[in-house]
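Okay, structure first, notes after.
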Amino acid sequence: MRKLHLVLRRSGIVEEVEERFATLPGPRGYPLGLVLLGLVCACYEKASTNLDDAFETITFGVSDRLRTELGVPTCDIEDQDAVNALYNRFHRAWSRLVRILDPVPHERRSRLTRAEGRRVADTWNGPACGPAVRRLEELANRLVTTPVRIAFAKGLMRHWHGDIAIDTTAVPSWARPHTRKRSSLEASANWHYKGGGDREFGYSATLAIAAHADPARAGRYPQLTLGMVLHTPQKDMGRHAHYVSMILSCLTPTCAASPQPTVPTPSSIPRTSTNPCAPSA
């Protein structure tokens with residue numbers, strides 16, 4: 001968990017989120033950095049992004065020394081009332097984070113009508129929400145590319161010759177699919193169609209992965225994800241692929257030394273550009 005904490009801090013996400021929260025009125029509440037750390041650790045250790053798993057991991061899954069070092073709030077695991085109270089604080093912090101970053105705030109605890117859900121999805125994928133959605137993608141890629149920069153700094157990628165594989169894979173949603181009358185709780189999700197005709201409801205993740213054109217180089221360096229875009233299936237696929245394939249120009253040993261790198265966003269990439277770090281015309 002300590003290493004994941006360092007990666008999260010080095011990405012700069014925690015500082016940026018806390019800066020946004022600093023302007024809000026009211027008590028500070030549960031530390032946002034610990035909410036994000038709990039989610040990252042639950043994803044790594046349990047392959048889960050469930051908020052309950054994140055809470056259990058950060059509250060009861062750390063050593064006493066690390067708990068003191070990070071200032072993790074704790075309670076008696078045998079006292080159910082205390083556990084519920086602490087979980088409510090954790091959940092409120094997450095809810096505030098979602099409200100601040102959500103490009104299209106809407107009811108997420110009950111299913112919208114199909115028409116309302118379509119409006120949310122159209123707004124999410126429309127030009128009006130472009131800057132907010134791209135900002136989310138930038139934050140996500142800060143976390144994705146931080147291990148890559150660490151790998152460059154440690155020389156782990158020295159045998160990599162720049163080969164990249166682009167892949168789009170399904171990211172299943174826990175929410176039930178749309179029906180004729182009701183939208184899914186994940187209003188911007190849709191069906192991802194795989195090879196062979198299979199389909200899965202959720203999102204698509206377009207990834208750039210460190211690959212090898214020469215089989216002899218297999219295993220000589222980690223096949224890390226170099227960039228990622230999570231998006232509604234079948235929406236703007238070409239631009240997403242362009243973005244993740246060209247983000248490599250920002251992942252050099254020189255950039256690896258930067259504690260808070262600037263990650264380009266798909267909206268900043270002109271369709272004729274060969275470098276996503278170059279400013280748009």
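Since the structure is predicted, the reported quantities are computational estimates derived from the model, not experimental observations. By convention here, the first residue in the shown sequence is residue 1.
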Next item on the list: Check whether more than 12 heavy atoms from other residues, nucleotides or ligands sit under 6.0 Å from atom CD1 of Ile77, and answer yes or no.
Entry: no
Margin query: Quick check: is Phe201 connected to Tyr203 through a chain of hydrophobic side chains (ILVMFWY, heavy atoms under 4.5 Å apart)?
Written below: no
Note to self: If I take atom CG from residue Leu156 and atom CZ from residue Arg220, how far apart are they, to the nearest 0.5 angstrom?
What the structure shows: 13.5 Å
Notebook entry, point to check: Have Tyr193 and Gln234 got a donor and an acceptor in their side chains that come within less than 3.5 Å?
Noted result: no
Notebook entry, point to check: Shortest non-hydrogen contact from Pro233 to Gly202?
Noted result: CD-O, 3.6 Å
Next item on the list: Determine, step by step, whether Thr123 and His106 satisfy the side-chain contact (heavy atoms from CB on, under 4.5 Å) criterion, reporting the C-alpha distance in whole Å, the side-chain angles of both residues, the deciding distance to 0.1 Å, and the verdict.
Entry: CA-CA 11 Å; Thr123 303; His106 61 280; over 6 Å; no
Next item on the list: Examine the side chains of Arg217 and His212 and answer whether a donor and an acceptor come within less than 3.5 Å of each other.
Entry: no
Notebook entry, point to check: Could you state the interatomic distance from SG (Cys41) to CG (Leu36), rounded to the nearest 0.5 Å?
Noted result: 11.0 Å
Margin query: Please give me the minimum heavy-atom distance between Phe90 and Val35, naming the atom from each residue.
Written below: CE1-CA, 3.8 Å
Notebook entry, point to check: Which heavy atom of Ala187 sits nearest a heavy atom of Val120, and at what distance?
Noted result: CB-CG1, 3.8 Å
Note to self: So, taking the atom named CZ in Arg182 and the one named CZ in Arg176, what distance separates them when rounded to the nearest 0.5 Å?
What the structure shows: 10.5 Å
Next item on the list: Look only at the side chain of Asn190 and the backbone of Thr232, and say whether a donor-acceptor pair between them is shorter than 3.5 Å.
Entry: no
Next item on the list: Working to the nearest 0.5 Å, report the span between CG of Asp53 and CD of Glu45.
Entry: 10.5 Å
Next item on the list: Mind listing the closest non-hydrogen atom pair of Arg111 and Pro177 along with its distance?
Entry: NH2-O, 2.7 Å
Notebook entry, point to check: Is Glu138 paired with Arg134 through a side-chain N to carboxylate O contact shorter than 4.0 Å?
Noted result: no
Notebook entry, point to check: Under a 4.5 Å cut-off applied to non-hydrogen side-chain atoms, are Leu70 and Leu37 in contact?
Noted result: yes
Next item on the list: List the atom of Ser183, the atom of Gly117, and the distance in Å for their closest heavy-atom pair.
Entry: OG-CA, 3.5 Å
Note to self: Any side-chain to backbone donor/acceptor pair from Asn141 onto Glu137? Under 3.5 Å, distance only.
What the structure shows: yes
Item checked: Heavy-atom side-chain contact between Glu16 and Arg142 under 4.5 Å -> yes
Check: Should Asp64 and Arg67 count as an ion pair when the cut-off is N to O under 4.0 Å?
Finding: yes
Margin query: What I'd like to find out is whether the side chain of Arg119 reaches to under 4.5 Å of the side chain of Leu112, using heavy atoms alone.
Written below: no
Margin query: Set out, in order, the CA-CA distance, both residues' side-chain angles and the distance that settles side-chain contact (heavy atoms from CB on, under 4.5 Å) for Thr146 and Ile150, then state yes or no.
Written below: CA-CA 6 Å; Thr146 296; Ile150 294 173; 4.1 Å; yes
Next item on the list: Could you tell me which non-hydrogen atom of Ala93 sits nearest to which non-hydrogen atom of Leu32, and how far apart they are?
Entry: O-CD2, 3.6 Å
Note to self: Taking the side chain as everything from C-beta on, heavy atoms only, tell me whether Tyr87 gets closer than 4.5 Å to Thr59.
What the structure shows: no
Margin query: Nearest 0.5 angstrom please: Ser173 OG to His192 NE2, how far?
Written below: 14.0 Å
Check: Less than 4.5 Å apart, any side-chain heavy atom of His178 and any of Arg114?
Finding: yes
Checklist line | Main-chain N/O of Leu39 paired to Tyr44 side chain as donor or acceptor, under 3.5 Å | finding: no
Check: Quick one: does Val7's side chain get under 4.5 Å of Val40's, heavy atoms only?
Finding: no
Note to self: Rounded at 0.5 Å granularity, tell me how far CG in Leu224 sits from CE in Met157.
What the structure shows: 5.0 Å
Note to self: Contact between Ile58 and Met1 at the side-chain level, heavy atoms closer than 4.5 Å - yes or no?
What the structure shows: yes
Check: Transitively linked via ILVMFWY side-chain contacts under 4.5 Å: Leu86 with Leu34?
Finding: yes
Check: According to a 4.5 Å side-chain heavy-atom criterion applied to Ile, Leu, Val, Met, Phe, Trp and Tyr, with indirect links allowed, do Val72 and Leu6 form part of one hydrophobic cluster?
Finding: no
Checklist line | Any donor-acceptor N/O pair, Ser63 side chain to Leu66 backbone, under 3.5 Å | finding: yes
Check: Do the side chains of Trp160 and Pro222 get nearer than 4.5 Å, heavy atoms only?
Finding: no
Next item on the list: Say whether Val171 and Trp191 are linked into one hydrophobic cluster, either directly or through other cluster members, by side-chain heavy-atom distances under 4.5 angstrom.
Entry: no
Check: Do Leu143 and Leu8 pass the side-chain contact (heavy atoms from CB on, under 4.5 Å) test, and can you show the C-alpha distance, the side-chain angles, and the key distance before you say yes or no?
Finding: CA-CA 7 Å; Leu143 186 57; Leu8 188 61; 4.0 Å; yes
Check: Is it the case that one hydrophobic cluster holds both Val133 and Leu230, taking links as side-chain heavy atoms less than 4.5 Å apart, direct or via other members?
Finding: no
